[in-house]
Amino acid sequence: MKEKELRRSLAVLPIGTVMKLTNLTARQIRYYEEQKLVKPERNEGNRRMYSLNDIDRLLEIRDYLDEGINMAGIKHIYIEKERKRAAKKAQLDKPLTDSDVRRILRDEFISVSGLGKKEEFPFKHNKNL
DNA sequence: TTTCTGACA
DNA sequence: TGTCAGGA
């Protein structure tokens with residue numbers, strides 16, 4: 001199960017292939033890199049090389065875009081994902097207290113339900129939301 | 001030919 | 001986000 005993840009992380013696809021696989025323009029793909037949503041490797045000639053994991057992430061980003069979520073919202077999603085990953089790692093050393101659990105569940109509920117202040121929920125208001 | 005960075009009638 | 005320039 002480790003060999004598989006290794007292959008999916010191998011950056012072997014040039015941007016032209018990624019364009020066809022994701023239906024995104026080179027402009028968009030490079031822009032998402034600037035926004036730190038993907039981190040392609042660079043080959044000897046400074047060409048961006050993407051891995052299958054990058055493809056998945058770009059497809060995910062494209063789906064969010066189709067759902068009407070803006071860049072700020074998408075960045076928010078990944079930033080939170082990272083924060084929670086780090087938080088989870090911390091949990092391994094120090095078990096959560098009951099109050100921690102309640103706080104996390106509350107934040108989770110507010111985020112998913114969209115009941116939080118709109119300043120903290122930068123998603124675009126459209127028919128899908 | 002393909003991709004890169006920077007820039008904007 | 002599209003698109004053009006100018007170089008690799």
Side-chain angles (χ1 to χ4, degrees):
Chain A
M1 175 61 115
K2 199 175 305 177
E3 185 65 31
K4 188 178 179 182
E5 294 178 19
L6 184 66
R7 295 180 196 285
R8 292 188 64 73
S9 294
L10 283 181
V12 294
L13 312 172
I15 199 168
T17 301
V18 179
M19 288 174 69
K20 295 176 181 176
L21 259 34
T22 64
N23 275 316
L24 290 171
T25 65
R27 179 76 168 78
Q28 289 176 296
I29 297 170
R30 295 182 188 120
Y31 177 66
Y32 302 152
E33 178 185 1
E34 288 183 51
Q35 303 308 301
K36 308 178 74 69
L37 266 37
V38 289
K39 22 58 180 172
E41 310 275 318
R42 292 292 183 129
N43 63 14
E44 321 71 51
N46 192 42
R47 266 70 212 285
R48 270 167 273 247
M49 297 303 275
Y50 299 81
S51 68
L52 293 180
N53 284 325
D54 292 327
I55 300 298
D56 285 339
R57 169 157 299 202
L58 288 169
L59 288 172
E60 208 175 307
I61 292 171
R62 195 199 57 184
D63 287 340
Y64 285 137
L65 253 30
D66 289 339
E67 290 174 36
I69 299 176
N70 58 37
M71 273 305 112
I74 294 176
K75 289 173 66 176
H76 180 268
I77 291 173
Y78 287 108
I79 288 175
E80 280 302 285
K81 192 166 296 181
E82 292 180 39
R83 188 183 66 64
K84 290 180 179 178
R85 184 184 61 64
K88 188 170 186 177
K89 185 179 186 303
Q91 294 177 197
L92 267 48
D93 307 311
K94 183 177 181 302
L96 296 177
T97 63
D98 287 344
S99 65
D100 286 332
V101 175
R102 282 196 290 280
R103 174 175 50 65
I104 290 176
L105 290 176
R106 174 177 57 69
D107 293 345
E108 201 78 345
F109 175 73
I110 292 175
S111 177
V112 173
S113 66
L115 294 176
K117 301 174 185 177
K118 54 186 175 183
E119 287 70 39
E120 302 177 74
F121 199 70
F123 298 134
K124 183 178 181 180
H125 306 305
N126 70 8
K127 82 288 185 179
N128 293 313
L129 295 176

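A note on names: the letters A, B, ... follow the listed sequences, proteins ahead of strands, and every chain is numbered from 1. Given the structure is predicted, the values throughout are model-derived calculations rather than measurements.
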Practice item. State the OH-CZ distance between Y32(A) and R62(A), to the nearest 0.5 angstrom. Key: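 Going from OH on Y32(A) over to CZ on R62(A), the span is 10.5 Å.
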Exercise for review: Output yes when R57(A) and D54(A) qualify as a salt bridge under the 4.0 Å nitrogen-oxygen rule, no when they do not.
Suggested key: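 Salt bridge between R57(A) and D54(A), a charged N being under 4.0 Å from a carboxylate O: no.
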Point to revise | Pair I29(A)-M19(A), side chain to side chain contact (heavy atoms under 4.5 Å, CB included): steps then yes or no | key: CA-CA 8 Å; I29(A) 297 170; M19(A) 288 174 69; 3.8 Å; yes
[X] [atom1] to [N] [atom2], straight-line distance once rounded to whole Å:
X: M19(A); N: dT1(B); atom1: CE; atom2: P; value: 16 Å
X: M49(A); N: dT2(B); atom1: CE; atom2: P; value: 15 Å
X: R62(A); N: dT1(C); atom1: CZ; atom2: C1'; value: 17 Å
X: Y50(A); N: dT3(B); atom1: OH; atom2: P; value: 10 Å
X: R27(A); N: dC4(C); atom1: CZ; atom2: P; value: 13 Å
X: E44(A); N: dT3(B); atom1: CD; atom2: P; value: 15 Å
X: R30(A); N: dT3(B); atom1: CZ; atom2: P; value: 8 Å
X: Q28(A); N: dT1(C); atom1: CD; atom2: C1'; value: 7 Å

Point to revise | Stepwise side chain to side chain contact (heavy atoms under 4.5 Å, CB included) test for L21(A) and L59(A) | key: CA-CA 9 Å; L21(A) 259 34; L59(A) 288 172; over 6 Å; no
Review point. Is there side-chain contact between I15(A) and R30(A), with heavy atoms separated by less than 4.5 Å?
Key: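 Contact flag for I15(A)/R30(A) side chains = yes.
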Exercise for review: Apply the test side chain to side chain contact (heavy atoms under 4.5 Å, CB included) to residues E80(A) and R83(A): give CA-CA distance (whole Å), side-chain angles for both, the deciding distance (0.1 Å), then the verdict.
Suggested key: CA-CA 5 Å; E80(A) 280 302 285; R83(A) 188 183 66 64; 3.0 Å; yes
Practice item. Could you check Y31(A) against R47(A) and say which one's nearest nucleotide on DNA chain C is further toward the 5' end? Key: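 Taking each residue's closest nucleotide, the earlier one in sequence belongs to Y31(A).
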Check your understanding: For R42(A) and dA8(C), is the shortest distance between a side-chain N/O and OP1 or OP2 below 4.0 Å?
Key ->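 It does not, given that no N or O in the side chain of R42(A) lies less than 4.0 Å from OP1 or OP2 of dA8(C).
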Review point. So what's the dot-bracket for DNA chain B: Watson-Crick or G-U pairs under 3.5 Å, [ ] if a pair crosses, | if it pairs off-strand?
Key: .|.|||||.
